[in-house]
Amino acid sequence: MPEAKNDFTFAVVSGGEADPASQPEEAPASAGTPERVMGIETRVSRDCYPVGTTEIELTVINHTTSDLLYSEWFDFRRFEEGEVIRLIPIEGSTVNPAGLTESERLKGGDSIVLTVPIDLFDPPLGPGIYRVAQLACYGDTGDHALACTEISAEFRLE
């Protein structure tokens with residue numbers, strides 16, 4: 001992903017209950033519900049997948065007029081008994097076979113369906129609620145990141 005080039009730096013000076021970044025990540029109210037963050041809507045193709053599913057489909061819709069730069073590297077989390085657990089893929093497994101530096105462009109007003117493999121874990125994913133997410137950035141014509149957001153969606157395995 002291109003390096004962000006900004007004229008200023010933003011930092012959180014103090015945390016606390018009013019600071020959203022200091023709040024713990026919570027389980028979603030309903031897996032499969034479309035998420036919309038900074039003009040990007042993401043949804044899974046099904047509300048629930050059977051255990052043993054090897055891949056899911058994410059529809060990403062860019063509701064803005066700006067291009068969105070994204071990759072196919074995803075981070076996975078599992079929601080379990082009020083905790084959010086980061087999942088680590090099997091060594092050598094990758095979500096993006098093209099490589100770390102590859103990025104794609106989703107033009108303003110366009111949408112795309114991404115196929116995301118989920119058979120990357122040992123042991124395999126069991127029943128539960130999961131989140132798949134990645135950082136995506138709005139880019140200028142020179143592929144410089146101007147502002148970043150998240151492409152994320154929850155899905156359920158049963």
Side-chain angles (χ1 to χ4, degrees), residues 1-12 18-50 53-79 84-90 93-121 125 128-158:
M1 182 107 11
E3 187 174 328
K5 301 203 185 248
N6 293 318
D7 294 332
F8 64 91
T9 302
F10 176 79
V12 176
D19 177 14
S22 70
Q23 301 302 313
E25 192 170 5
E26 295 180 9
S30 175
T33 302
E35 290 203 12
R36 191 166 178 170
V37 179
M38 287 182 59
I40 303 300
E41 179 182 342
T42 309
R43 62 176 173 253
V44 289
S45 59
R46 298 170 55 178
D47 291 340
C48 184
Y49 296 87
T53 296
T54 60
E55 60 188 27
I56 61 172
E57 288 185 341
L58 295 180
T59 299
V60 181
I61 305 168
N62 185 350
H63 290 284
T64 73
T65 57
S66 301
D67 290 357
L68 184 72
L69 304 174
Y70 67 95
S71 71
E72 293 184 20
W73 283 97
F74 285 93
D75 181 57
F76 294 84
R77 303 266 194 260
R78 177 184 169 97
F79 299 99
V84 180
I85 301 165
R86 183 171 183 250
L87 303 176
I88 308 295
I90 298 168
S93 296
T94 180
V95 176
N96 182 2
L100 273 172
T101 60
E102 296 295 318
S103 65
E104 303 290 334
R105 180 180 295 272
L106 181 60
K107 295 197 175 290
D110 285 354
S111 65
I112 190 167
V113 176
L114 301 174
T115 301
V116 180
I118 62 170
D119 59 348
L120 308 171
F121 305 95
L125 301 180
I129 299 175
Y130 297 87
R131 174 176 289 146
V132 58
Q134 73 160 264
L135 182 68
C137 298
Y138 293 104
D140 64 13
T141 56
D143 283 344
H144 298 113
L146 301 175
C148 296
T149 186
E150 181 180 82
I151 294 173
S152 68
E154 282 77 35
F155 63 97
R156 180 182 303 273
L157 293 178
E158 290 184 348

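Note that CD1 of I61 and CZ of R43 are 4.0 Å apart. Values are rounded to the nearest 0.5 Å. Atom SG in C137 sits 13.0 Å away from atom CG in D67 (nearest 0.5 Å). Rounding to the nearest 0.5 angstrom, the gap separating the CD atom in E158 from the CD1 atom in I129 is 9.0 Å. If you take CD on E41 and OG1 on T59, they are separated by 9.0 Å, rounding to the nearest 0.5 Å. Once rounded to the nearest 0.5 Å, the distance linking CD of E57 with CD1 of I112 reads 11.5 Å.
Scanning all heavy atoms of the two residues, the minimum distance from T42 to S152 falls at CB-O, 3.3 Å. Scanning both residues, C148 and L135, for their nearest heavy atoms gives CB-CD1, 3.6 Å. When every heavy atom of L157 is checked against every heavy atom of P50, the shortest pair comes out as CD2-O, 3.8 Å. The shortest heavy-atom contact between Y138 and S66 is CD2-CB, 3.7 Å. Here the shortest heavy-atom pairing between R77 and D75 reads NH1-OD2, 3.0 Å.
Checking T53, L87, V132 one by one against I118, the side-chain contact (heavy atoms from CB on, under 4.5 Å) holds for a single residue, T53.
Side-chain contact between Y70 and I151: present, with at least one pair of heavy atoms (C-beta onward) separated by less than 4.5 Å. At a threshold of 4.5 Å between non-hydrogen side-chain atoms, the residues L58 and V44 count as touching.
By the 30° and 60° cut-offs, the orientation of the rings of F155 relative to Y130 is parallel.
At least one donor-acceptor pair closer than 3.5 Å links the side chain of Q134 to the backbone N or O of S71.
Looking at residues two or more places apart in sequence or on another chain, you find no salt bridge (Lys or Arg N to Asp or Glu O under 4.0 Å) involving D110. T64 meets the side-chain hydrogen bond (donor to acceptor under 3.5 Å, both in side chains) test with N62; sequence neighbours excluded.
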